**Q** 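Let me give you the structure first, and then I'll get to my questions.
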Number of protein chains: 2
Amino acid sequence: MKPDVYAANCPTRQILDRVGDKWAVLILLLLREEPMRFNRLRRTIEGISQKMLSQVLKSLERDGLIRRHAIATVPVTVEYSITQLGLTLAGAVDPLRDWAEQNLKDVLSAQRRYDAQQKEEAA
Amino acid sequence: MKPDVYAANCPTRQILDRVGDKWAVLILLLLREEPMRFNRLRRTIEGISQKMLSQVLKSLERDGLIRRHAIATVPVTVEYSITQLGLTLAGAVDPLRDWAEQNLKDVLSAQRRYDAQQKEEAA
DNA sequence: CGGGATCCGCATCGATACTG
DNA sequence: CAGTATCGATGCGGATCCCG
């Protein structure tokens, strides 16, 4: 492993921050399925505020991961779609999603074991 | 893709939160290299407070991703190591790290383009 | 429809001091 | 050495209102 992976400003850290963003990856995976408009995204993703949505969309666009396409209708229509770069990032996230689905049960049972252990020691 | 990937409590979301944790993955990758003791980790990871370190270590242990081994010396010696489960998670993170190293340049240049565009439109 | 601007509470995190 | 406890700043994110 590259030594600077543990430094504060290594590439991995920056990307991990992106991926770690509560909504960014979710949006990326959604847009990989199909292009979508603002309010459709808003409705599809439970619990996101429009402030967060517009903020995350903007930063994803800034990173070149998604593209914003405004059509001058009245009222205005805006469609978001994933870029080639975004597509490759989404692909790199897939193993993580697979891992999650396969191993969540193990994680949860580990948590239960840990909590029971702690409780026992407290007594 | 599974439909519930966009719900608030899907497995992926939970794991993504873990991975998104600023320090958790870093620690995981470090412990994959070799087992380490508390202060060694603290020194190796720049900028982490001991509060955060102990907190993240505890939650990683709770999830069954790392193991804590205390040796009754004076003063006490504690060694942390990665588990089998943690090893597989670290493996799932690798594609992401590779992506980061390969594509960070593209992301940065996209950001510069975006910022220049914004500045121009403001004028 | 697709956002921007503002206000504000709450959780997160760092710094410091202390302990077995 | 390996943490825990407490305090205090700050900034993220939700709620609300408004606009082109």
Side-chain angles (χ1 to χ4, degrees), chain A residues 8-9 13-14 16-27 30-31 34-62 66-81 114 117-119 121-122, chain B residues 6 8-9 13-14 16-27 30-31 34-62 66-81 114-115 117-119 121-122:
Chain A
N9 58 352
R13 187 93 135 228
Q14 296 185 48
L16 247 35
D17 282 352
R18 247 260 145 282
V19 172
D21 183 289
K22 188 173 181 181
W23 308 109
V25 170
L26 247 38
I27 293 175
L30 257 177
L31 292 180
E34 54 175 330
M36 273 196 212
R37 292 167 53 185
F38 190 88
N39 279 328
R40 171 94 185 282
L41 281 166
R42 182 155 160 51
R43 280 190 305 270
T44 306
I45 305 174
E46 306 173 9
I48 193 170
S49 66
Q50 106 278 46
K51 176 183 174 180
M52 274 299 97
L53 180 55
S54 94
Q55 194 171 298
V56 174
L57 285 172
K58 207 180 296 181
S59 74
L60 284 173
E61 189 197 357
R62 180 171 183 261
I66 68 173
R67 189 174 14 242
R68 180 182 189 272
H69 185 54
I71 310 162
T73 53
V74 180
V76 65
T77 301
V78 180
E79 195 168 66
Y80 292 93
S81 58
Y114 182 91
Q117 183 74 15
Q118 293 305 101
K119 197 175 163 188
E121 285 174 11
Chain B
Y6 312 117
N9 58 352
R13 187 94 136 228
Q14 295 184 49
L16 246 36
D17 282 352
R18 247 264 140 281
V19 171
D21 183 290
K22 188 172 181 180
W23 307 109
V25 170
L26 246 39
I27 293 175
L30 256 177
L31 292 180
E34 55 175 330
M36 272 195 211
R37 292 167 53 184
F38 189 88
N39 279 328
R40 172 92 185 283
L41 281 166
R42 181 155 161 54
R43 280 189 307 269
T44 307
I45 305 174
E46 305 171 9
I48 193 170
S49 66
Q50 100 278 48
K51 176 184 172 179
M52 274 297 98
L53 181 55
S54 95
Q55 194 171 298
V56 175
L57 285 172
K58 208 179 295 181
S59 73
L60 284 173
E61 189 198 357
R62 180 169 182 264
I66 67 173
R67 188 174 15 243
R68 188 188 121 106
H69 185 55
I71 310 162
T73 54
V74 180
V76 65
T77 301
V78 180
E79 196 168 65
Y80 291 92
S81 58
Y114 182 91
D115 294 344
Q117 183 75 13
Q118 293 305 101
K119 197 175 165 188
E121 286 176 11

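Order of the sequence lines fixes the chain letters, A, B, ..., with proteins taken first and strands second; residue numbering starts at 1 for each chain. Note: hydrogens, waters and symmetry copies are ignored here, and every other heavy atom, side chains too, is used. The shown structure was predicted, so the numbers you read here are calculated from the model rather than taken from an experiment.
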**Q** Measuring only between side-chain heavy atoms, which start at C-beta, is A:Arg68 closer than 4.5 Å to A:Leu57?
**A** no
**Q** Using a cut-off of strictly less than 4.0 Å, decide whether A:Ser49 has a side-chain nitrogen or oxygen near OP1 or OP2 of D:dG14.
**A** yes
**Q** Rounded to the Å, how far apart are A:Met52 CE and C:dA5 C1'?
**A** 14 Å
**Q** 5'-most contact on DNA chain C: A:Thr77 or A:Lys51, nearest heavy atom basis?
**A** A:Thr77
**Q** Respond yes when some side-chain nitrogen or oxygen of B:Arg68 is under 4.0 Å from OP1 or OP2 of D:dG3, and no when none is.
**A** yes
**Q** If you define the side chain from C-beta out and look only at heavy atoms, does anything of A:Ile27 sit under 4.5 Å from A:Leu53?
**A** yes
**Q** Rounding to an integer number of Å, can you tell me how far A:Leu53 CG sits from C:dG4 C1'?
**A** 14 Å
**Q** When you measure from the side chain of B:Val76, which nucleotide among D:dT4, D:dC1, C:dC1 comes out closest?
**A** D:dC1
**Q** Among the candidates D:dG13, C:dG2, C:dG14, find the nucleotide nearest to the side-chain atoms of A:Phe38.
**A** C:dG2
**Q** Check this one for me: any side-chain N or O of B:Tyr80 less than 4.0 Å away from OP1 or OP2 of D:dC1?
**A** no
**Q** Would you please confirm or rule out a distance under 4.0 Å between OP1 or OP2 of C:dC1 and any side-chain N or O of A:Thr73?
**A** no
**Q** Answer whether the closest heavy-atom distance between the side chains of B:Trp23 and B:Gln55 falls below 4.5 Å.
**A** no
**Q** Take atom CE of A:Met36 and atom P of C:dC1, then tell me their distance rounded to the nearest Å.
**A** 16 Å
**Q** To the nearest Å, how far apart are A:Ile48 CD1 and D:dG13 P?
**A** 10 Å
**Q** Check the distance between D:dA2's C1' and B:Ile27's CD1 and give it to me in whole angstrom.
**A** 14 Å
**Q** Check this one for me: any side-chain N or O of A:Arg37 less than 4.0 Å away from OP1 or OP2 of C:dG2?
**A** yes
**Q** Checking all strands, does A:Arg40 fall into the base, sugar-phosphate, or nothing category for heavy-atom contacts under 4.0 angstrom?
**A** nothing
**Q** Whole-Å distance between D:dT4 P and A:Glu121 CD?
**A** 12 Å
**Q** Is it true that B:Glu34 and B:Arg40 make a salt bridge, defined as a side-chain N closer than 4.0 Å to a carboxylate O?
**A** yes
**Q** Atom CZ of A:Arg67 and atom CD of A:Glu79: how far apart are they, to the nearest 0.5 Å?
**A** 10.5 Å
**Q** I need the CZ-P distance between A:Arg43 and C:dG3, as an integer number of Å.
**A** 14 Å
**Q** Please classify the nucleic acid contact of B:Arg42 as base, sugar-phosphate, or nothing, using heavy-atom distances under 4.0 Å.
**A** nothing
**Q** Could you check whether B:Lys22 gets within reach of a base, just the sugar-phosphate, or nothing at all, counting any heavy atom under 4.0 Å?
**A** nothing
**Q** Report yes if a donor N or O on one partner sits less than 3.5 Å from an acceptor N or O on the other, where the partners are the side chain of A:Gln50 and the base of C:dG4; otherwise report no.
**A** yes
**Q** Could you check how far CG of A:Asp17 sits from P of C:dC13, rounded to whole Å?
**A** 12 Å
